[in-house]
Amino acid sequence: MFPRLAPQGIGSPSVYHAVIVIFLEFFAWGLLTAPTLVVLHETFPKHTFLMNGLIQGVKGLLSFLSAPLIGALSDVWGRKSFLLLTVFFTCAPIPLMKISPWWYFAVISVSGVFAVTFSVVFAYVADITQEHERSMAYGLVSATFAASLVTSPAIGAYLGRVYGDSLVVVLATAIALLDICFILVAVPESLPEKMRPASWGAPISWEQADPFASLKKVGQDSIVLLICITVFLSYLPEAGQYSSFFLYLRQIMGFSSESVAAFIAVLGILSIIAQTIVLSLLMRSIGNKNTILLGLGFQILQLAWYGFGSEPWMMWAAGAVAAMSSITFPAVSALVSRTADADQQGVVQGMITGIRGLCNGLGPALYGFIFYIFHVELNELPMPESPSGGSANSIIPGPPFLFGACSVLLALLVALFIPEHTNLTVRSSNWKKHCGSHGHPHSPQAPGEAKEPLLQDTNV
């Protein structure tokens, strides 16, 4: 049992506390982008893509399985304790990169049990914001995540080239420790005392900890089913792409470490613009559903371009399209929040984020397996001046990306049948019962106080 941390912190709980926690954690991991690609190939010289997919797949599945339990426990013991726990274990593998690469990748896989910082951060934000403020607050957290990856890979690549990768690992470890100290000293508890049970021994039901609980409800409403199928078919290739694409750029397309870092920075900046300015304009001009369809269309084009592209400039062009495709999931979340009744928001959002969590486990493993069966292997570490560092199919350089494009095409066809203005009211009593089972009997919820679901982590 974890001790309840003292409520002291700097100021009142705010979104900015959550933003700083996310920024420091992912900035530390961003520094290791280039060193990780090198160590991964050195550790697994044969079947590098397959092993990368298995490592990220195990991590994603463990995150999916553990997120509901950690969410339920954070309702009892508070958010601060679990912010500390998740950040500590998520960053624990960092110093092992130079100590023992095998242990480094093993601990990365196992750390998936606690790699749900985003989930706890979103719950933290939900505790301190009104319902109409949450979409903007979540957008700020997501934009901060993207911003942390704009500069850190480039900084890590530069420091690694000039001073060696050991310095990069030490710096990343120091930033992770700074994040932990910030949580201990500066982050105040966000969960009000009245929302917590009176006793530490308050029971937690299996339904609260069951990762498949929300998925079992998918078939109870036809509209929810359409939305969930769309999310699954579109996010499965996205999760696989995130796990392997930078390795693909480095080893198959012949990008240098600096080029990969620049690619991440440009993609991050364009994604921030797409998810803020462009998304807002599209939602007002063409509507929610058409924005989703447009985002899926961009994703199909992006994945097809990645799959058939054989030149670096094609990757850059497809990356710009990828930034535009990032509008899909925010638009889906907005559609759900507009169409679902107030007492069904938590369950429907929980279904969608649960499916994304499942994709975070299945996607990387699927991509790694497709690379393996198409014999896309690495012959040697490419030098910056070499046009290609591995062996790939000359007709289809990136087979998994083409598979992803077909999957998103199916998602687009399903999304065509989603109505834009319909209330999700089917089986209301069952939904309410399910929502009620996630609250604690010792801490009744005040009327009008909506509890936001603990969102699953996303693996980017």
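Just so you know, residue 1 is the first one in the sequence shown, and it goes up from there.
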Smallest heavy-atom separation, Ser12 atom then Pro188 atom, equals C-CG, 3.7 Å
message: Hydrogens and angles aside, do Thr36 and Tyr104 bring a side-chain donor and acceptor to less than 3.5 Å of each other?
response: yes
Output for pair (Ser407 OG, Leu412 CG), nearest 0.5 Å, gives 11.5 Å
Exercise for review: Report yes if some heavy atom in the side chain of Ile22 is under 4.5 Å from a heavy atom in the side chain of Ser148; otherwise report no.
Suggested key: no
Is the Phe114-Phe82 ring centre distance short of 6.0 angstrom?
-> no
When every non-hydrogen atom of Cys359 is compared with those of Pro364, the smallest separation belongs to O-CD, 3.7 Å
Ala415 and Lys289 have their tightest heavy-atom pair at O-CE, 3.4 Å
One should read off an interatomic distance between Ile264 CD1 and Ser271 OG, to the nearest 0.5 angstrom, of 11.5 Å
TODO: Could you tell me whether the side chain of Ile327 reaches within less than 4.5 Å of the side chain of Ile292, counting heavy atoms only?
DONE: no
OH (Tyr235) and OG1 (Thr230) are apart, to the nearest 0.5 Å, by 16.0 Å
With Ile269 as partner, the option from Leu267, Val266, Ile273 fulfilling side chain to side chain contact (heavy atoms under 4.5 Å, CB included) is Ile273
Looking only at heavy atoms, the pair that brings Leu296 and Val408 closest together is O-CG1, 3.6 Å
Do Gln299 and Leu303 make a side-chain contact, defined as non-hydrogen atoms from C-beta onward lying under 4.5 Å apart? yes
side-chain contact (heavy atoms from CB on, under 4.5 Å) between Leu249 and Phe246: does it pass, once the steps are laid out? CA-CA 5 Å; Leu249 288 180; Phe246 300 130; 4.2 Å; yes
Q: Report, as yes or no, whether the 6.0 Å neighbourhood of atom CZ on Phe369 holds more than 12 heavy atoms from other residues, nucleotides or ligands.
A: no
Ile128 and Pro13 have their tightest heavy-atom pair at CG2-CB, 3.6 Å
- prompt: Counting N and O atoms only, with roles assigned by atom type, does the side chain of Glu25 sit under 3.5 Å from a partner on the main chain of Thr117, one being a donor and the other an acceptor?
  reply: no
Side chain to side chain contact (heavy atoms under 4.5 Å, CB included) with Ile355: of Leu236, Asn360, Val231, only one passes, and it is Val231
OG of Ser244 to CG of Leu366, rounded to nearest 0.5 Å, is 10.0 Å
Problem - Derivation of the side-chain contact (heavy atoms from CB on, under 4.5 Å) call for Leu358 and Leu61 - result: CA-CA 6 Å; Leu358 185 61; Leu61 284 175; 4.2 Å; yes
| query | Distance-only, no hydrogens or angles: does the Thr90 side chain make a donor-acceptor pair with backbone N or O of Val87 under 3.5 Å? | reply | no
Check: If only atom types and distance count, is the side chain of Asn288 paired as donor or acceptor with the main-chain N or O of Met283 below 3.5 Å?
Finding: no
Indicate yes or no: at least one non-hydrogen side-chain atom of Phe49 is less than 4.5 angstrom from one of Tyr248. yes
The reported gap from CG in Leu83 to CD1 in Ile180 (rounded to nearest 0.5 angstrom) is 11.5 Å
Query raised in the report: So, for Phe44 and Phe105, is the gap between ring centers shorter than 6.0 Å?
Result: yes
Practice prompt. Report yes if the side chains of Leu62 and Val58 come closer than 4.5 Å at any heavy-atom pair, otherwise no.
Written response: yes
Smallest heavy-atom separation, Ile418 atom then Leu335 atom, equals CG2-CD2, 3.8 Å
The side-chain hydrogen bond (donor to acceptor under 3.5 Å, both in side chains) partners of Ser280 (sequence neighbours excluded) come to Arg284
Table please: side-chain donor-acceptor pairs of residues 313-325 below 3.5 Å, with sequence neighbours left out.
unit_1: Ser325; atom_1: OG; unit_2: Gln302; atom_2: OE1; d: 3.2
unit_1: Ser325; atom_1: OG; unit_2: Ala322; atom_2: O; d: 2.6

| field | Centroid-centroid distance, Phe263 to Phe245, less than 6.0 Å | value | yes
Measure up the Phe371 and Tyr367 rings against each other and bin them: parallel (under 30°), tilted (30 to 60°), perpendicular (over 60°).
perpendicular
Between the OH atom in Tyr124 and the NZ atom in Lys80, the distance rounded to the nearest 0.5 Å is 8.5 Å
Applying ring-ring contact (aromatic ring centres under 6.0 Å, His included) to Phe23 and not counting sequence neighbours gives Phe27
